[in-house]
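Heads up, the thing below is written out as structure tokens.
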Amino acid sequence: MGLYREVFSVQRRFSQRIPDRLPHLTEAQALRLVEEGGTLIDAGKLDVDVALVGELMGQLAEVLVKKSESPVDSLHDFIANELDEEGLSELIGAFLERDDEEFLRRAEGYSQDPALLYMLLHMSLAPFFWKAAGAAVRKADLDQVPRGRCPVCGDLPIMGFLRSEDGLRVLECSLCGSRWGVPRIMCPFCMNVDQGKLKYIFAEGDEGRRAYLCEKCGRYIKVSSAPGEKDEEFVVPLEDLATAHLDLAAQEKGYERGCRTVFS
Ligand SMILES: [Zn+2]
Ligand SMILES: [Zn+2]
């Protein structure tokens with residue numbers, strides 16, 4: 001949790017240096033986009049300052065090296081000496097285009113584990129998505145979007161929670177942090193709505209925190225009841241860490257996490 005807080009504070013500090021973008025969509029356009037299954041942000045067209053990403057990556061790497069138990073010591077050297085601006089720009093391009101093959105091909109040319117590079121980029125680009133999402137989300141009603149991927153940026157949900165006021169199941173995007181409402185019975189990873197193929201597990205005495213297991217695709221999503229005060233202040237990435245026991249239990253049963261983050 002200390003790691004999460006440090007990473008988040010670095011990201012937040014950097015997000016202040018990213019210029020605010022004026023919303024380019026009208027409310028009606030945003031609504032239509034969501035209804036048609038599109039995303040409010042076109043990630044491939046996101047305006048990203050490569051030098052700023054590089055700087056943020058360097059600081060995040062520092063936090064990771066300091067706090068992490070895994071061997072990432074060589075990360076510093078990689079960012080300072082191995083990765084130049086052109087290489088970074090290419091990685092960013094593949095990430096934003098969601099071209100996993102291209103990303104892997106480029107990442108494999110470096111000394112670091114491609115999965116670690118992906119996580120690092122995910123963390124470094126998140127503040128750019130926050131900035132772009134903030135404006136877009138205000139334009140659209142995201143309460144009923146029966147979709148497994150974020151209607152704002154298209155990424156996967158980190159986990160879900162039940163909104164206090166009405167019990168709506170809300171998912172939170174792992175990349176841009178937007179929240180959207182989905183039906184209670186639905187696997188966000190394969191869109192399975194067959195109740196017979198969705199079951200849930202919870203720890204004894206803590207029924208408000210569950211992992212929903214999908215028999216169809218073999219993945220799971222965690223869903224917690226919001227604490228009941230202000231949902232806006234419910235920090236989903238921290239709840240994700242607080243429910244790590246559910247990840248273990250689900251994985252012991254042979255289910256795979258639908259969306260990985262650097263902390264989980
Ligand atoms: Zn998103
Ligand atoms: Zn599924």
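Residue indices begin at 1 and follow the sequence shown.
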Would a single hydrophobic cluster contain both [Y] and [X], if residues Ile, Leu, Val, Met, Phe, Trp and Tyr are joined by side-chain heavy-atom contacts under 4.5 Å?
X	Y	answer
Phe128	Leu156	yes
Leu125	Phe78	yes
Val236	Leu246	no
Tyr220	Val170	no
Tyr255	Tyr200	no

Mind listing the closest non-hydrogen atom pair of [X] and [Y] along with its distance?
X	Y	value
Ser124	Leu56	O-CD2, 3.2 Å
Pro237	Glu172	CD-OE2, 3.7 Å
Ala132	Leu46	CB-CD1, 3.7 Å
Gly160	Leu171	CA-CD2, 3.9 Å
Ser225	Phe234	O-CZ, 4.4 Å
Phe202	Arg209	CB-O, 3.3 Å

With side chain to side chain contact (heavy atoms under 4.5 Å, CB included) as the test, would you mind laying out the steps for Val182 and Leu168 before giving the verdict? CA-CA 7 Å; Val182 293; Leu168 178 73; over 6 Å; no

Backbone of [Y] reached by a side-chain donor or acceptor of [X] within 3.5 Å:
X	Y	answer
Lys199	Leu213	no
Gln29	Thr26	yes
Arg257	Cys259	yes
Thr39	Asp42	no
Ser89	Glu85	no

Between Leu96 and Val48, is the side chain to side chain contact (heavy atoms under 4.5 Å, CB included) condition met? List the steps.
CA-CA 10 Å; Leu96 293 179; Val48 169; 4.0 Å; yes

Distance from [X] atom [atom1] to [Y] atom [atom2], nearest 0.5 Å?
X	Y	atom1	atom2	result
Asp77	Leu83	CG	CG	11.5 Å
Ser111	Glu82	OG	CD	3.5 Å
Ile158	Cys173	CD1	SG	9.5 Å
Lys131	Ile41	NZ	CD1	13.0 Å
Lys222	Ser224	NZ	OG	7.5 Å
Glu55	Leu52	CD	CG	6.0 Å

Please tell me if the side chains of [X] and [Y] come closer than 4.5 Å, counting only heavy atoms from C-beta onward.
X	Y	result
Leu64	Met123	yes
Arg219	Cys214	no
Ser178	Cys153	no
Met186	Asn192	no
Arg169	Tyr212	yes
Arg105	Glu90	no
Arg184	Leu162	yes
Cys150	Pro157	no

Problem - Cation-pi, Phe8 ring and Arg5 (6.0 angstrom, 45 degrees) - result: no

Only residue of Arg98, Arg147, Arg149 satisfying salt bridge (charged side-chain N to carboxylate O under 4.0 Å, His left out) with Asp155 is Arg98

How far apart are the C-alpha atoms of Asp99 and Glu101, what are their side-chain angles, what is the distance that settles it, and do they pass the side chain to side chain contact (heavy atoms under 4.5 Å, CB included) test?
CA-CA 6 Å; Asp99 188 341; Glu101 240 169 75; 3.8 Å; yes

Considering only NZ, NE, NH1 and NH2 on the basic side and carboxylate oxygens on the acidic side, decide whether [X] and [Y] come within less than 4.0 Å.
X	Y	result
Arg163	Asp143	yes
Asp231	Arg179	no
Glu207	Arg210	yes
Arg32	Glu35	no

Ring-plane angle category for His122 and Phe95, please: parallel below 30°, perpendicular beyond 60°, tilted otherwise. perpendicular

Only residue of Pro151, Pro146, Pro188 satisfying side chain to side chain contact (heavy atoms under 4.5 Å, CB included) with Trp180 is Pro151

Could you go step by step and tell me if Asp100 and Tyr118 meet the side-chain hydrogen bond (donor to acceptor under 3.5 Å, both in side chains) rule?
CA-CA 10 Å; Asp100 293 346; Tyr118 188 85; 4.9 Å; no

CD (Glu215) with more than 12 external heavy atoms under 6.0 Å
yes

Yes or no on side chain to side chain contact (heavy atoms under 4.5 Å, CB included) for Glu102 and Glu97, after CA distance, side-chain angles and deciding distance? CA-CA 9 Å; Glu102 173 71 4; Glu97 293 290 346; over 6 Å; no

* To do: Verify side-chain hydrogen bond (donor to acceptor under 3.5 Å, both in side chains) between Ser74 and Gln112, making sure each step is shown before the conclusion.
  => CA-CA 8 Å; Ser74 58; Gln112 300 294 317; 3.0 Å; yes

